[in-house]
Peer 1: 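One structure, as structure tokens, below. Some questions next.
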Amino acid sequence: MSFENLSRDQIQTLLDEQRAHYRELQDSGLKLDLTRGKPSPEQLDLSLPLLALPGDDFTDSHGTDTRNYGGLNGLPELREIFAPILQVPLEQIVAGDNASLAMMHDNLVFSLLHGTVDSPRPWVAEESVKFICPVPGYDRHFALTEEYGIEMIPVDLLADGPDMNAVRALVEDPTVKGMWLVPTYGNPSGAVVSEAVAAELAGLETAAPDFRIFWDNAYAVHHLTDEQTKTADIIGLCAASDHPHRAITFASTSKITFAGSGVCFLASSPDNVAWYLKHLGKRTIGPDKVNQLRHARFLQDTEGVMALMTRHRQILAPKFEQVVTILRERLASYAVAEWTEPKGGYFVSLDVVDGTASRVIELAREAGVAMTPAGAAFPYGHDPRDRNIRIAPSYPSSAELATAIEVLATCVLLAAAEQSLA
Ligand code: PLP
């Protein structure tokens, strides 16, 4: 990407103009934050009735007093609501507390310390353990993997899933034990893993007998358009390919109800669920069933989840539109950036001129706009081309968002012009 059709003088003029505009923005004393994909207060208000539930009727439909200990796999009536979304019968689902990230953490740690149902030995007893990390990806996946000394191998995430040529070669190494994947509306690119790529992943012959796909379907029902993408049924595909334990699906209501007080889910083969519960049972006597009951009563059924997601979409879609419109107006004619126009999820992924993402983020910070650090969407925080920037449009008000993207676009042009004239 470059200022393809501009002379040096024209780029200098553009730099001067953008510097003047930048100073004006800087002088306006902004304090805006586009760092994390959090629901806005308006979105959280959609689930306000949760706080009045379950009232003094705290017994579930099976007669369980939800205030007490027990019920490690979670309330059946809540699992039933999410079974069509997770594409498995409720017996193959565990409903937990407020963070699917904690379930992912436990699955990694249990695999390291105990080995999985088809591991020859605990993963820590291996010479080394490696994970395939499609990029750009979710920074917390990478932070978690790094925390436990698992080596991360980046692979490009294309529009229909990870670069399978790279994946095919990597799984020939027996120390490659697994991979991360956000199948529907990836964080941050919005990429959707196609049925064909999912089927190939399920069928791959891997050198590790216990290869795992951590299928993090955090945005399964988070559509932004009428095109309601259906996630490939990875657990079914793995079972059909004779690798029944390969995929573990994770999901949560963090961006359906309350990000801090939702419920989370794990779905996998019956053996994997039994394995997970065996180890989980040492860590806890049971989940917060009162919260699970209030969720089941509030959401009512799968249609109730979808209806709530339509209301989220009404709030979110205009914000995404706003981001894309401003980027288009400010940047399209200069060919200095490319961005995604996702059909769901929580992010827009912006690629700027190679070598300028850190500078753009620095300039934005100095003008009062906090962005996720450059490189965050890559293992070890290292974007080899220093070009990717994650935009999280959900939290700010529409007016704040417009200003923040205006600042960002100015910084993209400034950094590109600086580099071009350097
Ligand atoms: N997975 C992905 C891909 C996410 O983007 C996020 C939050 O941003 C999470 C998981 C966090 O999920 P939870 O709140 O259930 O821990």
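Atoms within a ligand are numbered from 1 in the order they appear, just like the ligands themselves. Predicted, not measured: the structure shown is a model, and the values here were computed from it. These values consider heavy atoms only, across backbone and side chains, with no hydrogens, waters or symmetry-generated copies.
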Peer 1: List the closest protein heavy-atom neighbour of atom 12 (O) of ligand 1: residue, atom name, distance to the nearest 0.1 Å.
Peer 2: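 It is Ser100 OG, 3.3 Å.
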
Peer 1: Relative to the heavy atoms of Ser252, which atoms of ligand 1 are at a distance of less than 4.0 Å?
Peer 2: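 Taking each heavy atom of Ser252 in turn, ligand 1 has 13 (P), 15 (O) under 4.0 Å.
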
Peer 1: Any carboxylate oxygen within less than 4.0 angstrom of a Lys/Arg side-chain nitrogen, looking at Lys289 and Asp60?
Peer 2: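 No salt bridge links Lys289 with Asp60.
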
Peer 1: Give the numbers and elements of all ligand 1 atoms closer than 4.0 Å to a heavy atom of Leu101.
Peer 2: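 Counting atoms of ligand 1 from 1, those under 4.0 Å from Leu101 are 16 (O).
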
Peer 1: Could you pull out, from Lys255, Arg140, Lys38, His141, the option with a heavy atom nearest to atom 7 (C) of ligand 1?
Peer 2: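 Result: the heavy atom closest to atom 7 (C) of ligand 1 is in Lys255.
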
Peer 1: Among protein heavy atoms, which sits nearest to atom 10 (C) of ligand 1, and what does the distance come to when rounded to 0.1 Å?
Peer 2: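 Protein heavy atom with the smallest distance to atom 10 (C) of ligand 1: Asp216 OD2, 3.3 Å.
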
Peer 1: Can you tell me if Trp123 uses its side chain to pair, donor with acceptor, with the backbone of Lys177 under 3.5 Å?
Peer 2: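 Such a contact is absent between Trp123 side chain and Lys177 backbone.
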
Peer 1: Tell me, which protein residue and heavy-atom name are nearest atom 14 (O) of ligand 1, and how many Å apart are they?
Peer 2: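 It is Ser254 OG, 2.6 Å.
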
Peer 1: List for me each residue that meets side-chain contact (heavy atoms from CB on, under 4.5 Å) alongside Thr35, sequence neighbours excluded, and say none if there are none.
Peer 2: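 By the side-chain contact (heavy atoms from CB on, under 4.5 Å) rule, Thr35 matches Asp33, Ala370, Thr372.
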
Peer 1: Give me the nearest non-hydrogen protein atom to atom 9 (C) of ligand 1 as residue plus atom name, then the distance to 0.1 Å.
Peer 2: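 I find the closest protein heavy atom is Tyr138 OH, 3.4 Å.
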
Peer 1: Side chains of Lys255 and Tyr219: donor-acceptor distance under 3.5 Å anywhere?
Peer 2: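 Judged by distance alone, the side chains do pair up.
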
Peer 1: For a 4.5 angstrom cut-off between non-hydrogen side-chain atoms, does Phe347 reach Pro342?
Peer 2: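 Phe347 does not reach Pro342 side chain to side chain.
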
Peer 1: For Ala99, which part has a heavy atom under 4.0 Å from ligand 1: side chain, backbone, both, or neither?
Peer 2: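 Answer for Ala99: both.
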
Peer 1: Touching ligand 1 at all, Tyr219? Heavy atoms, strictly under 4.0 Å?
Peer 2: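 The answer is yes: ligand 1 sits under 4.0 Å from a heavy atom of Tyr219.
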
Peer 1: Taking the side chain as every heavy atom from C-beta outward, state whether Arg212 and Asn272 have any pair of such atoms under 4.5 Å apart.
Peer 2: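 In contact.
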
Peer 1: Is there a nitrogen or oxygen of Met104 sitting under 3.5 Å from a nitrogen or oxygen of ligand 1?
Peer 2: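 No.
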
Peer 1: Do the side chains of Ile213 and Ile248 get nearer than 4.5 Å, heavy atoms only?
Peer 2: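 No - every pair of side-chain heavy atoms lies 4.5 Å or more apart.
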
Peer 1: Just how far is it from atom CD of Glu205 to atom NE2 of His243, taken to the nearest 0.5 Å?
Peer 2: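 Interatomic distance, Glu205 CD to His243 NE2, rounded to 0.5 Å: 4.0 Å.
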
Peer 1: With a heavy-atom distance limit of 4.0 Å, tell me whether Val182 approaches ligand 1 through its side chain, its backbone, both, or neither.
Peer 2: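 Val182 to ligand 1: side-chain contact only, backbone stays beyond 4.0 Å.
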
